[in-house]
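Just so we're clear, the structure is a prediction, and the values are computed from it rather than from any experiment.
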Amino acid sequence: MLTAADAGDAAALLAAVPAGRRVALVDPRFVGHVHALRLGLTDPRFPAAAVPGALTAQAEARPALVRALQRTTAAVGAGAPTAVPEAGAETAPQTAAEPTTGQATGQTAAPAADPVPEDPTLPGRIAAALEAEGTPVHRPALGSLVAAVPADAEQEAAAVAGLTSVDDEAVRLRSAVKAHDGFFTTFCISPYSRYIARWCARRGLTPNQVTTASLVTALIAAGAAATGTRGGYVAAGILLLVSFVLDCTDGQLARYSLQYSTMGAWLDATFDRAKEYAFYAGLAIGAVRGGDDVWTLALGAMVLQACRHVVDFSFNEANHDAVANTSPTAALSNKLDSVGWTVWARRMIVLPIGERWAMIAVLTALTTPRIVFYALLVGCSLAACYTTAGRLLRSLTRKARRTDRAAQALADLADSGPLAQAVAAVAPGLRGAFTVPAAALLGALVMIGSALFLPYGSWLTVAAAGVYVLLSGLAVARPLKGALDWLVPPVFRAAEYVTILVLAARSDVPHAVPAAFGLVSAVAYHHYDTVYRIRGGTGAPPGWLVRTIGGHEGRTALVAVLAAVLTHASGFTTALTALAVAVALVVLVESIRFWVSSSAPAVHDEGELA
């Protein structure tokens, strides 16, 4: 940390700092909690950020900072002395009663910004100049934390009183816990997992290491379940709960130690699904060892859960930036949220990840895999009906206009391949309020119905796949801006996943359903990867990737052709396995390339309740 004599000296010191480094300006009269400085000066997701008396700029905002500093220097002349620490410099904070000019390393979650009074200090003036130039300045909500530059003895006394009345560490621990979470997580995990997070932070462990430990624990749990013994099932249930505790701990560690990374975003976003679906596979293997083939149930549970998620993602992307976004149903939902018990009841009824994993763990330890999957299918079906019905009501009663961004997000989530895109390029767009989701639904029913009711291996199923391709292309021929157009992606997901499940289950070919489980897992990973890229603001995967793996309609048609050509032959299992491996390799290589690149968003995914 360097001390500038005045504003002009601060500009010279800034110019000497290497261009790739983050810098911060802190008024030496600053009085506040160290954690307030952490919140204001170390978040990697914002080019510039500020709290009263302190301002930071990352490399991309450095040129704008220099210009703003020059203009401010010209306006105020030699300002008050200003500390200029480089990012990454760890400075021991002074006592709470003394002015603090320290900066601690790390990053933090982005609390909602509160209105901030005008800051007359030099850093405050520069922040205003940055905003006037068009560079957004993030201002985190500090809550009860103190961050001030006293102008007189009375203000200094008030700031010092605020420092002594608020326990900085207690605030830090509370803020490590996600604000909105499920009942089981909130009351059965977070009360102690936050202390595990602090223990990890004090020993230098990173969130990514804890995330990896959670994955490894879940895989060991899946292996224990695969033994098919009662002892293995008990161990699997216990280990699954331990894995979930670690899953909560990694996010709390990230918020406590203020560590966010691109790799962390990717790991946290994908490992939850990998852990859950690997455990399903372990249960299915264990059941087969015990003489009960439940692979179809395992794949059905995975399909249902994946479709539930895409309903959540598709609805949220369609409506998060809708214009004139009003709905009586949403107003009723907000009113119910003001009543304490209804909040928890509504969070539990959707069977979020905490409740779901607790149910899986307990039933695994006490019952059989078949009962576990029956419970999952019933519970997730009820939850899906509840959430989808509510979203349908909101969509039908909402007076809103879809934005171009929302329409593009839905088109990306649709995952249309070359066949559907070729149809969309020559077909007239469907008109009418509900014709687009109706066309998608009709295509899905034709495809699933033919797989269910036509003789297995019939070429009529291939013909039905042709109808599905045609209707899929018609559904995406126009921008998806209708009130119910958010249903198109989940309908496509259900059509593809269920068709693969049904054809594999009806084939009577050994190991066809486990091969189908692998194929759906690979395709589902691609769809989750698409979601997390869109949520990160970087757009969908490149077009070549979707073309290479065929799009939803291409893969569905290919599986129908394979079932017709390889009827009652072990080649169907081999073909499904080869297709699963090919899709997995392509999507994983591209996903890893993206998430470790500089183009990936530097965020830590908070996850979905479900």
Side-chain angles (χ1 to χ4, degrees), residues 24 26 30-46 49-54 56 85 87-114 138-148 159-181 185-187 189-211 245-261 264 268 602-607:
V26 182
F30 178 88
V31 177
H33 290 99
V34 174
H35 196 53
L37 281 177
R38 292 192 188 99
L39 293 173
L41 301 183
T42 58
D43 196 317
R45 295 168 294 178
F46 305 97
V51 293
T56 185
E90 181 83 15
T91 305
Q94 300 175 9
T95 62
E98 297 174 340
T100 302
T101 57
Q103 171 186 330
T105 57
Q107 290 78 33
T108 182
D114 284 340
H138 173 65
R139 290 182 169 88
L142 300 179
S144 58
L145 296 175
V146 174
V160 171
L163 281 174
T164 56
S165 64
V166 174
D167 185 343
D168 185 70
E169 179 63 16
V171 171
R172 193 179 178 189
L173 269 175
R174 285 197 305 270
S175 63
V177 178
K178 193 160 58 176
H180 302 287
D181 223 327
T185 304
T186 299
F187 293 102
I189 303 296
S190 293
Y192 58 87
S193 61
R194 70 183 76 181
Y195 295 100
I196 299 176
R198 181 170 67 180
W199 183 90
C200 293
R202 291 178 175 177
R203 282 151 184 82
L205 298 177
T206 67
N208 291 352
Q209 291 171 332
V210 177
T211 302
V245 171
L246 293 174
D247 183 56
C248 296
T249 301
D250 66 356
Q252 292 167 355
L253 174 59
R255 288 182 286 272
Y256 178 85
S257 59
L258 308 173
Q259 298 181 71
Y260 290 76
S261 69
D268 193 66
V603 298
H604 181 88
D605 181 68
E606 291 289 349

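Atom OH of Tyr256 is separated from atom CZ of Arg38 by 7.5 Å, given to the nearest 0.5 angstrom. Interatomic distance, Tyr192 OH to Thr249 OG1, rounded to the nearest 0.5 Å: 8.5 Å. With rounding to the nearest 0.5 angstrom, the CG atom of Asp250 is 12.0 Å from the CD1 atom of Ile196. For the atom pair Asp167 CG and His35 NE2, the distance stands at 11.5 Å (nearest 0.5 Å). Taking CG of Asp168 as the reference point, atom OG of Ser144 lies at 9.0 Å (rounded to 0.5 Å). Expressed to the nearest 0.5 Å, how far OG of Ser257 lies from CZ of Arg172 amounts to 7.0 Å.
In this view, Ser190 and Gln252 satisfy the side-chain hydrogen bond (donor to acceptor under 3.5 Å, both in side chains) rule, not counting sequence neighbours. Applying the side-chain contact (heavy atoms from CB on, under 4.5 Å) criterion to Thr206, with sequence neighbours excluded, gives Asn208, Gln209, Gln259. Partners of Ala36 by side-chain contact (heavy atoms from CB on, under 4.5 Å), not counting sequence neighbours, listed by chain and number: His33, Leu142, Leu145, Ala147. Judged as a side-chain hydrogen bond (donor to acceptor under 3.5 Å, both in side chains), and not counting sequence neighbours, the contacts of Arg198 are Glu169. In this view, Ala50 and Leu55, Ala127, Val137 satisfy the side-chain contact (heavy atoms from CB on, under 4.5 Å) rule, not counting sequence neighbours. In terms of the ring pair (Phe, Tyr, Trp, His ring centres under 6.0 Å) criterion, Tyr195 has no residue partners (sequence neighbours excluded).
Contact of the Phe46 side chain with the Thr56 side chain is not registered, since no non-hydrogen atoms from C-beta on lie closer than 4.5 Å.
Taking all atoms of both residues into account, the shortest heavy-atom contact from Val51 to Pro140 is CG1-CG, 4.0 Å. Across all non-hydrogen atoms, the minimal contact from Ile189 to Cys248 is CG2-SG, 3.7 Å. Nearest approach of Gly32 to Leu163, heavy atoms of both residues: C-CD2, 3.3 Å. Closest approach of Pro207 to Leu253, counting heavy atoms only: N-CD2, 3.5 Å. Here the shortest heavy-atom pairing between Val210 and Leu246 reads CG1-O, 3.5 Å. Between Ala54 and Leu37 the shortest heavy-atom distance is CB-CD2, 4.0 Å.
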